[in-house]
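Here is the structure we will look at.
Just follow the structure's listing: the first ligand is 1, and inside any ligand the first atom is 1. Just so it is clear, the model here is predicted, and its values are computed rather than measured. Counting begins at 1 with the first residue of the sequence.
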Amino acid sequence: MRILLVGDVVGRPGRRAVRALLPQVVAETGADLVVANGENAAGGFGLTRETTQELLDSGIDVITTGNHIWDRREMLACIDEFPQMVRPANYPPGTPGQGMTVVRSRKGGHPVAVINLMGRTFMTPLDCPFRTADRLLEELGEATRIVVVDFHAEATAEKVAMGWHLDGRVSVVFGTHTHVPTADERVLPGGTAYITDLGMAGPMDGIIGMAREPVLRHLLTALPHRFEVAAGPSRVDMALVELDPRTGRAHAIQRLHRYFGAD
Ligand SMILES: [Fe+2]
Ligand SMILES: [Fe+2]
């Protein structure tokens with residue numbers, strides 16, 4: 001069984017790139033499930049009902065999110081309309097939405113649990129993501145052995161720690177949030193595929209997807225500036241995980257990327 005993972009989708013350029021490229025990538029890789037982080041899908045900040053639906057219509061089966069989940073206020077009201085969407089599970093009890101969902105793979109109809117967690121280092125300190133992961137796995141019990149974890153975090157060490165914490169207990173731990181792919185993909189000894197950060201699906205000539213000028217002016221002046229999604233060609237960063245659906249153990253993880261709108 002193969003699961004395709006896509007990094008943070010940034011704004012309209014990211015959505016367009018995913019929509020254009022995903023069918024071909026899925027056909028080429030034989031992916032049975034596509035999981036993408038959508039926290040930046042609407043203008044770079046959060047998601048709307050419409051952008052969420054657009055991502056799902058583009059062939060994404062499960063949308064994970066992160067710290068930008070509530071940037072668009074309408075998401076507070078509509079998140080529960082999307083059973084294929086998760087927000088970090090370690091938000092306080094009572095937060096709208098869900099931190100874990102179980103869906104079926106395209107081929108074979110295998111149940112797959114997708115969990116979203118958020119790091120605490122250099123981010124809003126939520127409940128402990130490590131203990132939250134333990135609790136969710138206990139909750140999941142024998143429902144499925146195929147478990148996909150998006151750890152949305154800033155610090156590489158915190159993400160590496162989560163990989164080891166969950167090794168042998170989940171199929172894959174992938175990092176998101178930095179929008180910069182890391183080259184450390186591997187299968188850990190217990191059979192968990194791991195990568196510190198997938199990267200993003202978004203404009204490659206910006207600063208992690210945002211237009212350069214306002215970001216640079218902000219850095220040079222320390223004054224507030226309105227950030228906007230960059231224009232130009234996009235890069236779509238992904239990883240493909242191969243696993244045994246009976247055991248949930250991963251055999252392989254491979255990074256891949258595609259360009260869209262480039263000359
Ligand atoms: Fe992001
Ligand atoms: Fe983020």
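- A search for side chain to side chain contact (heavy atoms under 4.5 Å, CB included) contacts involving Thr176 returns Asp8, Asn37, Asp150, His152, Phe174, Leu198, not counting sequence neighbours.
- You'll find the side chain of Arg120 reaches within 4.5 Å of the side chain of Glu158, heavy atoms only.
- The residues Asp32 and Arg2 are annotated as not salt-bridged, no charged nitrogen and carboxylate oxygen being separated by less than 4.0 angstrom.
- Applying the side chain to side chain donor-acceptor pair (under 3.5 Å) test to Thr192 and every residue at least two apart in sequence or in another chain returns Asp167.
- Taking distances strictly below 2.8 Å, the protein N/O/S atoms close to the Fe ion (ligand 1) are Asp8 OD2, Glu39 OE2, Asn40 OD1, His179 NE2.
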N/O donor-acceptor pairs under 3.5 Å from side chains in residues 209-220, not counting sequence neighbours:
unit_1, atom_1, unit_2, atom_2, d
Arg212, NH1, Asp205, O, 2.6
His218, ND1, Leu223, O, 2.9

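- Taking the six-membered ring where the residue is Trp, the centroids of Tyr259 and His257 are separated by under 6.0 Å.
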